Amino acid sequence: MRESDININRVDWIAVSIYFALVMIGWFNIYAAVYDGQAEKSIFDFSINSGKQLVWIGTAIMLITIIMVADSRFFENLSLFIYLAFIGLLIITPFVGKEVNGQILSIGFGDFRIQPGEFAKFATGLALAKVMERPTFDLSKKNYQVIAFGVLLVPVILILLQPDTGTAMVYFAMLLMFYREGLPSIYYVLGFGFAAIALLGLGVENNLFLAGTIVVVVLILIFLGKRTWQRVVAFSLIGLGLIAFIYSLDFVVSKLPEHQQNRIMVLFNPNIDPLGVGWNVTQSKIAIGSGGLFGKGYLEGTQTKFDFVPEQHTDFIFCTLGEEFGWFGSLVVISLFVGLLYRLIIMAERQKTRFTRIYGYCVVSILLFHFMVNIAMTIGLFPVVGIPLPFFSYGGSSLWSFTVLLFIFIKMDSSRATQLGRLG
């Protein structure tokens, strides 16, 4: 190994420091989430989640060390091989994986198991960076769009077969990177437009009223402009398409698994079944709200002690923070996440190669999606989709995958002085 491959002096220690701050705060909160008021089990007890998480933290540090001493070109040269390897793991997971709650997400031996869908995120980011690194790769052209979306959609389809809708959704966060690299804005306008109409269609009980509103809007748009037959036909077809889309929503939702239908119903009507399907979100909001300005104090959360919130050490870890540290503690953690994301954007923009910049924006996109959706679902602004809070939630696959995702980019950034090539 060449000495220049390490570049310790060029490591972005701000990003590294925020990472370790989040990991340690998360570790303390994992202990709080399983603490029942009995002092006989310490945070280092390996029979409880905090002790197990400490092992995952130790192994994550080993992964960081391996990544940081590796040749800076390793991940770029083997990016497509890494991607294909994880695609292979996703293919075999439904056949050899362990089924939990109707999903087959993990593979492994005994207690050692990993979720290929989590690790395939960084592999997909590397593959996209590799296929898009050429200066001639232009996302404004249809043939290049097909290639980029193909790389993105293969793991999505395989993960949906497990089925794991929450993890599959994360991959679409990389559309943020597509936008940075030149994907036309019309795709995002149409996407957000259909999303808004879908929310209205699911939230408004009277579809006839919504359909009538679309007809009125289309007529206004037609009469405000030049009434050529092409324009009239175009707006009429758009209107009919939107109305058909609205009336198809109920059919589509009815084909979803029952637990996913329940999560959508709870989003629009939190009080529909507070003791059943709405229990998690209701108790999470109670826990966060009861924390007030400065919280009840570490290990003093009553919602936490009495296990009112299921999955509080994983997907709902944020409500532990809100209850015990209040608005101020939540603000500190949110500020750390925002600071990390802002730092990563700065790092991505200063890269000398398109490959590293693209991968950097994939990292930003994935972390931003997890951060926003996890917190949004704990306060009832998004359906519960089983997405962990990065570096915070309990779990080896989660911590390892986020650590690898982040530190590959930190390693690339530390080697930017030796990068060759040019920005696209």
Side-chain angles (χ1 to χ4, degrees), residues 15-35 43 48-61 63-64 115 118-119 121-122 166-167 170 173 280-281 284-285 287-288 291 295 298-299 301 303-304 309-344 363-379 381-382 384-407 410:
V16 173
S17 299
I18 296 176
Y19 163 83
F20 278 105
L22 289 170
V23 168
M24 297 311 297
I25 296 173
W27 179 51
F28 280 106
N29 275 274
I30 289 169
Y31 178 61
V34 298
Y35 181 74
I43 194 171
I48 60 176
N49 289 336
S50 60
K52 296 174 183 177
Q53 186 72 2
L54 185 60
V55 174
W56 295 123
I57 293 172
T59 50
I61 293 174
L63 288 174
I64 292 170
Q115 294 183 19
E118 293 291 334
F119 289 91
K121 296 171 189 174
F122 87 85
T167 300
V170 176
N280 285 30
V281 175
S284 175
K285 291 193 290 185
I288 294 172
Y298 187 56
L299 303 182
Q303 292 290 113
T304 297
V309 186
E311 307 299 330
Q312 193 163 345
H313 59 296
T314 53
D315 300 338
F316 283 85
I317 189 72
F318 185 77
C319 70
T320 304
L321 176 75
E323 182 180 21
E324 299 192 347
F325 294 97
W327 176 87
F328 182 78
S330 300
L331 179 63
V332 169
V333 170
I334 289 173
S335 298
L336 286 172
F337 274 109
V338 172
L340 177 61
L341 291 167
Y342 178 69
R343 191 65 191 174
L344 293 175
V363 176
V364 172
S365 303
I366 293 169
L367 294 180
L368 175 64
F369 187 87
H370 271 272
F371 162 63
M372 292 181 61
V373 170
N374 179 272
I375 294 179
M377 74 181 189
T378 61
I379 59 177
L381 296 180
F382 198 88
V384 178
V385 291
I387 290 180
L389 188 59
F391 318 121
F392 225 82
S393 295
Y394 170 78
S397 285
S398 172
L399 180 60
W400 279 13
S401 62
F402 286 125
T403 298
V404 171
L405 174 78
L406 175 63
F407 276 88
I410 290 176

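Sequential numbering from 1 along the given sequence is applied to the chain's residues. Predicted, not measured: the structure shown is a model, and the values here were computed from it.
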Item checked: E118: side chain to side chain donor-acceptor pair (under 3.5 Å) partners, not counting sequence neighbours ->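 Checked E118 against side chain to side chain donor-acceptor pair (under 3.5 Å); matches are K121.
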
Between [X] and [Y] (side chain of the first, backbone of the second, donor and acceptor by atom type, cut-off under 3.5 Å), is there such a pair?
X: T320; Y: N29; result: no
X: Q53; Y: G395; result: yes
X: Y19; Y: L406; result: no
X: H370; Y: P388; result: yes
X: S50; Y: I43; result: yes
X: E324; Y: L299; result: yes

Check: Is atom OH of Y342 surrounded by more than 12 heavy atoms (other residues, nucleotides or ligands) closer than 6.0 Å?
Finding: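 No, OH of Y342 has 12 or fewer neighbouring heavy atoms, counting only those of other groups under 6.0 Å.
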
Checklist line | F328 CZ: over 12 foreign heavy atoms closer than 6.0 Å | finding: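 It does not: F328 CZ has 12 such atoms or fewer within range.
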
Rounded distance [0.5 Å steps], [atom1] in [X] versus [atom2] in [Y]:
X: S393; Y: F318; atom1: OG; atom2: CZ; answer: 11.5 Å
X: I288; Y: W327; atom1: CD1; atom2: CH2; answer: 14.5 Å
X: F122; Y: I366; atom1: CZ; atom2: CD1; answer: 10.5 Å
X: L340; Y: L336; atom1: CG; atom2: CG; answer: 8.5 Å
X: F407; Y: I410; atom1: CZ; atom2: CD1; answer: 4.0 Å
X: I30; Y: W56; atom1: CD1; atom2: CH2; answer: 12.0 Å

Restricting to non-hydrogen atoms, name the atom on [X] and the atom on [Y] that form the minimum distance, rounded to 0.1 Å.
X: A173; Y: F369; result: CB-CB, 3.5 Å
X: A60; Y: W400; result: N-NE1, 3.8 Å
X: V364; Y: L341; result: O-CD2, 3.8 Å

Notebook entry, point to check: Do V23 and F402 pass the side-chain contact (heavy atoms from CB on, under 4.5 Å) test, and can you show the C-alpha distance, the side-chain angles, and the key distance before you say yes or no?
Noted result: CA-CA 11 Å; V23 168; F402 286 125; over 6 Å; no

Check: Of I317, L399, N49, which meets side-chain contact (heavy atoms from CB on, under 4.5 Å) against Y394?
Finding: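 In the set I317, L399, N49, the residue that makes a side-chain contact (heavy atoms from CB on, under 4.5 Å) with Y394 is N49.
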
Checklist line | Criterion side-chain contact (heavy atoms from CB on, under 4.5 Å) against F371, the qualifying member of I375, N374, V373 | finding: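 Exactly one candidate clears the test, I375.
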
Next item on the list: On the 0 to 90° scale, with breaks at 30° and 60°, tag the Y31-Y298 ring pair as parallel, tilted or perpendicular.
Entry: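 Ring orientation, 0 to 90° scale: tilted.
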
Note to self: Less than 4.5 Å apart, side chain to side chain, heavy atoms only: is that true for F325 and V333?
What the structure shows: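 F325 does not reach V333 side chain to side chain.
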
